[in-house]
Amino acid sequence: MIAKAENTSLERVQVLQRKLYLAAKTNPTRKFGVLYDKVCQIDVLWMAYKQVRANKGAPGIDQQTFEVIEKKVGVASFLTEIQTELMEKRYTPLPVKRVYIPKADGTQRPLGIPVIADRVVQAAVKIVIEPLFEATFKDCSYGFRPRKNAQQALREIYKWLNFKCHWVVDADLKSYFDTIPHDKLLLSVRTRVIDRSVVKLIEMWLKAGAMEEMKIRKETTGTPQGGVISPLLANLYLHWLDSTWEKKAFGKRPHDAHIVRYADDFVILCSKRPEFYLEQAKKVLDRLGLTLNAKKTRIVNAMKEPFDFLGHRFAVQPSKVTGELKTFYYPAPKAMKSVKQKIRDVVRKGQHWDLPTLVKEKVNPILRGWGNYFKTGNSRKHFLSIANYTTWTLCIMLRKKHKKRGKGWRDHPPSWFYDYHGLFKLYSLSVTGDEGSRYARPVPS
DNA sequence: CTGAAATGCTC
RNA sequence: UAUGAGCAUUUCAG
């Protein structure tokens, strides 16, 4: 009974989203004035709640957890309370909770965690407005978008490098999420959404501020990293870059300068005048109130120097066999380092477990997940290296555990881990990088 | 084939 | 220790 109700609610929301997408697609300049009622629909709020709950995320500053909502308050009354607040225009968001998480480069990233109720309303708004913006977004944008992934962006770069666009502008925006100006961002929202109440909701989230040491800190720039709509807003704001690029036809014949963007990370690939196209991008970003990180933004000639994007390293080199130029991409050194660190950590933590469990439940999922992300491109050598690193690390661990010196490798050859303990075979995922065999099936195990 | 749950990986 | 997207594996229900 409940399952049936959930299903129809899902269907109704999907139908609504489809309608909105088609309406926006058939009329590219249409601005939508009646959306708030859709945000308030109980189906939409229910789907929004399900999406938020599925992450099992931490509570915000009000300490309200999913357990409290489901066991004490009840989901239905929690949602109808939100619904009446919205309809009576009484809803105001609470400030976000400030949490810092370490980034890969050692610096810290500030998160802003909204309370669960605010996350639900944000998810509801996202359900309603995302289809409208999806209809406008350009093909060169790959980050945070439904049915788009990193592999497609990598493939696009590969394509342009093979089409002799060897000049690469590798751009890095200075703390993008925190520097988006609220006023201009809201203008971007209004290109499609002119329902005042919906725009007001978004404005309130931007202005809600962050709770830091018992004080509310308010900003005029930035969208909280941790909010449900933040990725959509971030994408929407940089859409100006994509659309300007298209309007000036920089991606077309005389220019031949192609943007590939993944959220705030983007490269421009061109065959000539990279300085000019960097300057053009800078002009757009200036108008948006954004700045490029001068130290990290650079122009490279891909034939002479590799560059990294989305965890991969790209290099254009003459083929050892035929001598013609070919593009290669494979896990970047950083990615190699971080997966080794992860293997090392789980093996150290699980050294008192029995080997099959450690391999099956801890090591294999890491190898499988990592391998599936990097299996495109030319990763065979790097997969082999990680596979060897894994057997070696396990071997060292076993030798220490059994207090044996020497001969560990002879007792535990790589095949021993694979054949008797079911260690995941990384190289079963990799395909060779040759033109002819790119579409070959993975090597059978 | 479509949902739900769990785990893992990338950005 | 949040958010979005994508991918993979397992389990369950139709």
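Sequence lines set the chain letters: A, B, ... in the order given, protein chains first and strands last, and positions in each chain run from 1.
Between Asp345(A) and Lys342(A) there is no salt bridge, since no side-chain nitrogen of the basic residue lies less than 4.0 Å from a carboxylate oxygen of the acidic one.
Base pairing of C12(C) is made with dG3(B), judged by Watson-Crick or G-U wobble geometry with both donor-acceptor distances under 3.5 Å.
Atom CD of Gln108(A) is separated from atom P of U1(C) by 13 Å (rounded to the nearest Å). Counting to the nearest Å, the P atom of dT10(B) and the CG atom of Leu154(A) are 14 Å from each other. To the nearest angstrom, C1' of dC11(B) lies 12 Å from CG of Asn235(A). Rounded to a whole Å, the CZ atom of Phe137(A) is 13 Å from the P atom of A5(C). At whole-Å resolution of the value, NZ in Lys362(A) and C1' in U9(C) are 15 Å apart. The distance between atom NZ of Lys360(A) and atom P of A8(C), rounded to the nearest whole Å, is 21 Å. For Ile101(A) and U3(C), the CD1 to P distance is 11 Å, given to the nearest whole Å. The CG-C1' distance, from Asn149(A) to dT10(B), rounds to 10 Å in whole Å.
When the side-chain nitrogen and oxygen atoms of Lys334(A) are compared with OP1 and OP2 of dC11(B), none of them lie within a distance under 4.0 Å. At the phosphate of G6(C), neither OP1 nor OP2 sits under 4.0 Å from any side-chain N or O atom of Arg145(A).
With no hydrogens or angles considered, a side-chain donor-acceptor pair links Asp354(A) and Thr357(A) at under 3.5 Å. Donor-acceptor pairing under 3.5 Å is recorded for the side chains of Arg155(A) and Tyr329(A). Inspection of the Tyr330(A) and Arg380(A) side chains reveals no N or O donor paired with an N or O acceptor under 3.5 Å.
Toward the 5′ end of DNA chain B lies the nearest nucleotide of Asn372(A), the other residue of the pair Asn372(A) and Gly311(A) mapping further downstream. Where Gly143(A) and Arg368(A) each meet RNA chain C at their nearest nucleotide, the meeting point lying more 5' is that of Gly143(A). Between Gly227(A) and Arg147(A), it is Gly227(A) whose nearest contact on RNA chain C lies nearer the 5' terminus.
Counting atom types as modelled, Tyr262(A) pairs a side-chain N or O with a base atom of dC11(B) as donor and acceptor under 3.5 Å.
Which of G4(C), A2(C), U1(C) sits closest to the side chain of Lys97(A) comes down to U1(C). Counting only heavy atoms from C-beta on, Lys56(A) has its side chain closest to dT7(B) among A2(C), dC9(B), dT7(B). Here the nucleotide nearest the side chain of Ile366(A), chosen from dC9(B), G6(C), dA4(B), is dC9(B). Among G6(C), A2(C), U3(C), the nucleotide with an atom closest to any side-chain atom of Pro146(A) is G6(C). Closest to the side chain of Ala58(A), out of dC11(B), A2(C), dG3(B), is A2(C). Which of dC9(B), dA5(B), G4(C) sits closest to the side chain of Asn55(A) comes down to G4(C). If you check A2(C), dC11(B), dC9(B) against the side chain of Pro114(A), the one that comes closest is A2(C). Among the nucleotides A8(C), dG3(B), dT10(B), the one closest to the side chain of Gln14(A) is dG3(B). Picking from dA4(B), dC9(B), G4(C) the nucleotide with the shortest atom distance to the side chain of Lys50(A) gives dA4(B).
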Check step by step if ring-ring contact (aromatic ring centres under 6.0 Å, His included) holds for Phe328(A) and Phe314(A). CA-CA 6 Å; Phe328(A) 298 90; Phe314(A) 282 85; over 10 Å; no
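Nucleic acid contact class of Asn364(A) (heavy atoms, under 4.0 Å, all strands): none. Within the 4.0 angstrom heavy-atom criterion, no nucleotide atom of any strand lies near Ala150(A). Ile113(A) comes within contact range of the sugar-phosphate backbone alone, with a heavy-atom separation under 4.0 Å but no base atom that close.
The backbone N or O of Pro28(A) lies less than 3.5 Å from a partner atom in the side chain of Arg192(A), making a donor-acceptor pair.
The 12-atom threshold is exceeded at CD of Gln108(A), counting heavy atoms of other residues, nucleotides or ligands nearer than 6.0 Å.
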